[in-house]
There are 2 protein chains.
Amino acid sequence: MSNLDAHPQAPDLAALAALLADRTRAAFCLALLDGRAWTATELAHHAAVAASTATGHLNLLVDAGLLAQERQGRHRYVRLAGPETAHLVETLASLAPRRAAAPRSLPAVTRSRALARARTCYDHLAGALGVAVTDAMTGRGLLDWDQGPALTGAGAHWLAHLGITLPPVARRPLVRSCLDWTERRPHLAGAVGAALCRHALDHGWITRIGTGRAVALTPTGRSALHDSLGLPDETHTPTA
Amino acid sequence: MSNLDAHPQAPDLAALAALLADRTRAAFCLALLDGRAWTATELAHHAAVAASTATGHLNLLVDAGLLAQERQGRHRYVRLAGPETAHLVETLASLAPRRAAAPRSLPAVTRSRALARARTCYDHLAGALGVAVTDAMTGRGLLDWDQGPALTGAGAHWLAHLGITLPPVARRPLVRSCLDWTERRPHLAGAVGAALCRHALDHGWITRIGTGRAVALTPTGRSALHDSLGLPDETHTPTA
DNA sequence: CGGACCCTTCGGCGCCCGCCGAAGCGTCGC
DNA sequence: GCGACGCTTCGGCGGGCGCCGAAGGGTCCG
């Protein structure tokens, strides 16, 4: 009985894992979790490798279908091929040993400031803000995790009230739990998470900082999230 | 800006992926998805490698925390360290390219026979049987996937009626979707999936075949699943 | 007690793969 | 048209890692 007979999937699984088993390619995929398209040169700089090295790595990822690419003149843009790839990268990231562990327990006022340091995770909100939004929605009965992650009726109404319409065809889960690497608690992913993030960007609740995944919570956003979810808002909360 | 500065997680993520980026280790982990403990020698035979090779690989996986081990005299038993590891392996397996694709569309009678060829996936039912159970539960309103995978009230009653009690502390999701590699459709995972599988084994609905993940649906099981979920039962259904 | 068995360590071999700079092609903007 | 820029190809180098058999230690069983 050969290895192939025992588990035909083993070589394929190993090959897929091997694509992420290189620190440069891992850095590429982590960067691309911001949901945007990067050029080859940007990724090379980001990962501090030569352009020729980046080319080889990107070819592997594109050929394997983990990344999608688009040519615009001399620029080669790549992005994660879809939510499945993002989910794989997220899963690996959530299980990988932590290095710089975030503080476990923040005082409330510090937590309020921490909301300002948010980021996106693929196409949904992550970090302290993502977790805070998720927790608040859960606390207000907009999400129900008791029997698996689900959007409640109240949650659907709340979204509609905000003017958020969900995609008519549910080809991806409406609600998915995504374990936040820094907070070590789940934040909201799936179609709802993506729609919320889109809404937050479109309405100026958050703005992107630089070219990474960092986003800044704006005063408008802080106020809106306070009104709609009761998140701490420094303009309304006295400083302790 | 060095690679480490850009993404501190990248080397760790890559290291984790590297653990599964070897066909022998991948075969080990796929085998261990049956949820049982295997000895080092069994795994070596299974993957067709020398005992010394298996030792080295197992040491890597155990040291990294992906596997848990237990010594009993001269035997070294290892198992997957927990559902998180299983989820990672499942995720990789579901994204890995397929080789021997299962037939896409089975005639009903052949599908009935296919139910007999089931398997477990970590601690829940998989394959044709797992998918059939999942579909039947969904069709009868016991599971609701419209807003994320969820157990319905009817589902909870159904489980109670079967005598299945769920763990009081929900430290893992009650319901989780697990994409079935061979059927390419989701089967039920999570605490409910595990409880169902346990129940099916305890009540003789399925029995294990050999030392792998294959399980056989028994006449008792076929009858019980027909009664409780309307699954095809050859003793009640005329052969076409 | 002795042989069989499980498992581990060791050393050597061969293969794979990421890295780089140099050279080169195509695009872009002045 | 020319230089700058983005990207690709090529060849060589060095490091890493899985593989094996041999040797050996510990456990098990007749």
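Order of the sequence lines fixes the chain letters, A, B, ..., with proteins taken first and strands second; residue numbering starts at 1 for each chain. All values below come from the heavy atoms of this structure, side chains included, with hydrogens, waters and symmetry mates left out.
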| Any idea which heavy atoms bring A:Leu92 and A:Leu20 closest together, and the distance? |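 In terms of heavy atoms, the two residues are closest at CD1-CD1, 3.5 Å.
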| Considering all heavy atoms of both residues, which atom of B:Leu67 and which atom of B:Leu80 are nearest to each other, and what is their separation? |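 Minimum heavy-atom contact is CD2-CD2, 3.6 Å.
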| field | Touch class at under 4.0 angstrom, heavy-atom based, for A:Ala40 against every strand present | value |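 The answer is sugar-phosphate, as A:Ala40 gets under 4.0 Å only of primed atoms, P, OP1 or OP2.
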Indicate yes or no: at least one non-hydrogen side-chain atom of [X] is less than 4.5 angstrom from one of [Y].
| X | Y | value |
| --- | --- | --- |
| B:Leu33 | B:Glu90 | yes |
| A:Leu58 | A:Gln69 | no |
| A:Leu125 | A:Leu188 | no |
| B:Thr218 | B:Ile206 | no |
| B:Leu159 | B:Leu196 | yes |
| B:Leu60 | B:Asp22 | no |
| B:Trp205 | B:His199 | yes |

Between [N] atom [atom2] and [X] atom [atom1], what is the distance in whole Å?
| X | N | atom1 | atom2 | answer |
| --- | --- | --- | --- | --- |
| B:Leu43 | C:dC7 | CG | C1' | 13 Å |
| A:Leu60 | C:dC16 | CG | P | 15 Å |
| A:Glu70 | D:dC7 | CD | C1' | 16 Å |
| A:Leu58 | D:dT9 | CG | C1' | 15 Å |
| A:Glu42 | D:dC5 | CD | P | 15 Å |
| B:Asn59 | C:dC6 | CG | P | 18 Å |
| B:Phe28 | C:dC7 | CZ | P | 11 Å |

| said: Taking the axis from the first five pairs and the axis from the last five, what angle separates them in the helix from C:dC1-D:dG30 to C:dC30-D:dG1, rounded to 10 degrees? | reply: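 Here the helix ends are tilted 30° relative to one another.
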| message | Any side-chain to backbone donor/acceptor pair from B:Ser94 onto B:Thr91? Under 3.5 Å, distance only. | response |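 Answer holds: yes.
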| Could you go step by step and tell me if A:Glu42 and A:Arg36 meet the side-chain contact (heavy atoms from CB on, under 4.5 Å) rule? | CA-CA 12 Å; A:Glu42 285 171 337; A:Arg36 298 154 50 202; over 6 Å; no
Are any protein N/O atoms closer than 3.5 Å to N/O atoms in nucleotides 11-15 of chain D? If there are, list each pair with its distance.
none

| field | A:Arg76 side chain near D:dT8 phosphate (N/O to OP1/OP2, under 4.0 Å) | value |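 Indeed, a polar side-chain atom of A:Arg76 lies that close.
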| remark: Letter by letter from the 5' end, nucleotides 19-30 of chain C scores (B base, S sugar-phosphate only, - none; protein heavy atoms under 4.0 Å) SBB----BBS--
